[in-house]
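Here's the structure we're looking at; comments come further down.
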Number of protein chains: 2
Amino acid sequence: MAWSNGRAPATPPTLADVAELAGVSRQTVSNAVNNPDLLRPDTLARVQDAIDQLGYLPNRAARNLRTRLSHLIGLRLAPVQEGTANALMDRFVHSLVETSSAAGYHVLLFPGDPTDPVSGYEDLLRSTAVDAFVATDTYLGNPQAAWLEARRAPFVAFGRPWDGVHAAHPWVDVDNAAGTALATTHLLDQGHERIAWIGWRKDSIIGEDRRSGWSSTLRERGLSTTGLASRVEDTVASGREAASVLLDEAHPSAFVCASDTLAMGVLHTLADRGLAAGRDVAVVGFDDSQVAQVVPPGLTSVRQPLEEVAVEIVRALEGLLSHPPAESRGVLLTPELVVRGSSRC
Amino acid sequence: MAWSNGRAPATPPTLADVAELAGVSRQTVSNAVNNPDLLRPDTLARVQDAIDQLGYLPNRAARNLRTRLSHLIGLRLAPVQEGTANALMDRFVHSLVETSSAAGYHVLLFPGDPTDPVSGYEDLLRSTAVDAFVATDTYLGNPQAAWLEARRAPFVAFGRPWDGVHAAHPWVDVDNAAGTALATTHLLDQGHERIAWIGWRKDSIIGEDRRSGWSSTLRERGLSTTGLASRVEDTVASGREAASVLLDEAHPSAFVCASDTLAMGVLHTLADRGLAAGRDVAVVGFDDSQVAQVVPPGLTSVRQPLEEVAVEIVRALEGLLSHPPAESRGVLLTPELVVRGSSRC
DNA sequence: ATGAAAGCGCTAACAG
DNA sequence: CTGTTAGCGCTTTCAT
């Protein structure tokens, strides 16, 4: 490039600069960039040459203004939860950035007020700062999805529209029940029969979904679940306490947990009692967090296919933003079980 | 708002709409938004009223085009490292999003090719998509900072310009040596005298900085470091092996590690040998990852003040983008030690 | 204190 | 296939 001496020009080259250098009109340069097939090969080559020479790249603001498109996807980032094993969002953000970038979109992060799930969306929408949103945390009772639909905002949800009988928006989700069923089956295969459940409170739809994978699997094998389940908050302390109570009252030989955070609580209780995870009592978590990967002796965990989730979300997004918008149904993906030391003898 | 029936208008209101409703010219509306002091109170009130009524918000693309500013900050997201305890970026991204949002900036994420530290920057710069960058991973030998400087791109580095004798860019960093000194002093206070170090290979400047906090603290107390240090890769397996060797050959009663990942490796070795972390051997990690927070019995770790880092970075960014650009020097922040069970009897 | 004119850089629509 | 014209919505002169 002309300025490959390492210093960029004070003001970037414009379409007009390229047009002049190539000896064509501005429109032809625009076509060379956006509809190359419209140009005669030799003209295209000449224009392309000028583009390379000047290091030209279309000005985003100008293009956005004209096309009414920003090629930006908004993602609301909820505040970090310290003291939990929840690294889900981190992995998801990475996947989404990779995938959407390949599709020509960048990810715009905006902060979410934990007390108001809808904050932030409004301004970005009205100022036409993003083309669409990816909405996470679409648990039951979260007004996000309904609000976005009412606002006619293009968005794809990571999470099923639990309440929406006829939700019109595309969504991608992971089959939680299938995940815990996988975990429970694995434990049954290892010879366990008294398999306990530590999950979240009843008002969590996702929690109930995960629980059902455990209970239905046990029931299919003719095993009872009575007294083997506990519902607590998603903290290490709660998991620890629940495990202690269950161990005393129901004598399970294995635990399936709704999250890695709760599973870590179980590991705490086992450590307290001098029991070895895996050898004495088996433990399975959910989310395959970094914690699960590095804690001794390794925590078996259900892993959500976040890379696939991102791919499907971007696919839905592209459909949503194409003309005419493609009708996109929901996509349900299946998680896998990552077996580690905590569930092996 | 006029459309608070829940449905947004097909096309958002513009300056002209507001001007018509308020019975003033478009420029007056613009002034009401950007220079309210220029208007007579009653005119301002009338315009503000029309703005509220229509739910007007300036179109970003148009404003960006005109002002040549996007109010976007670019952040390169390196691929996730599975199997490590490194949740540093996650916490940092959150902090940066919160802080920059308060300053009127949004964060634009773009993916980084691990093999090319400079990829991605070029396009965003040339297409004027972002106003500035936040560069992380500015370790020695990383051409990022030098490249950005040569390109005259506005950026703030999270990390000292180790190689730059006269680096002109603002930076924010955390005093790694102070962190490991804190850890070592804490262990000395607990009565330990044989304190081992497990760190990274010598080519990591950050690693050497962290190591120096350990070695200088021991030397100050007249204690030897001979045979007590190990340099390995940043993986759990490496930490585990290094701990095993050190335990056999140097009989330390405590470990200071360059990362939580390595510290987890030590915990693996202790578990292998039936030793209890905290009671039998003390362990301290670095970064206060989620792993450190939830692993039994809790991993003592050096915590970087990422919230403060974000604040300082945004402050530097604002200086950089103001007219005239404020001269901003580097800022060095001090980490703190979070004491948990792994270093208490 | 308010209004008129100009133009940021680009692309859609049409004319040649 | 290429060029001309117009305008996206905003802010920056400059007049009034």
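Numbered from 1 within each chain, the chains take letters A, B, ... in sequence-line order. What you see below is based on every heavy atom in this structure, not just the backbone, and it leaves out hydrogens, waters and symmetry mates.
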* Would you mind reading off the distance between B:N31 atom CG and C:dA4 atom P, rounded to a whole angstrom? => 14 Å

* **Atom-to-atom span, CG of A:L65 to P of D:dG9 - whole angstrom** => 7 Å

* To the nearest Å, give me how far apart CG (A:L15) and C1' (D:dT2) are. => 14 Å

* Which part of the nucleic acid, if any, lies within reach of B:S25 when heavy atoms closer than 4.0 Å are counted: base, sugar-phosphate only, or nothing? -> base

* The side chain of A:R66 lies closest to which of these nucleotides: C:dA12, C:dC8, C:dT2? -> C:dA12

* Taking CZ from A:R60 and P from D:dC10, how many angstroms apart are they, rounded to a whole number? -> 20 Å

* To do: Could you check if a side-chain atom of B:V311 sits within less than 4.5 angstrom of a side-chain atom of B:I313, using non-hydrogen atoms only?
  => no

* Asked: Should B:T28 be listed as having a side-chain N or O under 4.0 Å from OP1 or OP2 of C:dG3?
  -> yes

* Touch class at under 4.0 angstrom, heavy-atom based, for B:L39 against every strand present -> sugar-phosphate

* To do: Round to a whole Å and report the spacing from CZ of B:R126 to C1' of C:dG9.
  => 16 Å

* Closest-nucleotide 5' rank along DNA chain D - winner of B:T67 and A:L38 -> A:L38

* B:N35 CG - C:dA1 P separation (whole Å) -> 12 Å

* **Result of checking A:I73, A:L75, A:L124 against A:F133 for side chain to side chain contact (heavy atoms under 4.5 Å, CB included)** => A:L124

* Should B:R315 and B:E318 be marked as a salt bridge (Lys or Arg N to Asp or Glu O under 4.0 Å) after you check the CA-CA gap, both sets of side-chain angles, and the distance that decides it? -> CA-CA 5 Å; B:R315 194 197 306 278; B:E318 289 184 298; over 6 Å; no

* Structure fact -> Winner on side-chain proximity to A:A62, out of C:dG3, C:dC10, D:dC8, is C:dC10

* Asked: How would you label the contact of A:R68 with the nucleic acid (heavy atoms, under 4.0 Å): base, sugar-phosphate, or nothing?
  -> sugar-phosphate

* To do: Decide whether A:N59 and B:R126 meet the rule of one side-chain donor and one side-chain acceptor closer than 3.5 Å.
  => no

* Asked: Do the ring centers of A:Y121 and A:F110 come within less than 6.0 Å of each other?
  -> yes

* **B:R26 vs D:dC10: side-chain N/O to OP1/OP2 distance below 4.0 Å** => no

* Is any side-chain nitrogen or oxygen of A:T43 closer than 4.0 Å to OP1 or OP2 of D:dC1? -> no

* Asked: So what does B:N34 hit on the nucleic acid, given a heavy-atom distance under 4.0 Å: a base, only sugar-phosphate, or nothing?
  -> sugar-phosphate

* Could you give the CG-to-P distance, from A:N64 to C:dC8, as a whole number of Å? -> 18 Å

* Asked: OP1, OP2 of C:dG9 versus side-chain N and O of A:T14: anything below 4.0 Å?
  -> no

* Asked: Atom CD of B:Q27 to atom P of D:dA15: distance rounded to whole Å?
  -> 16 Å

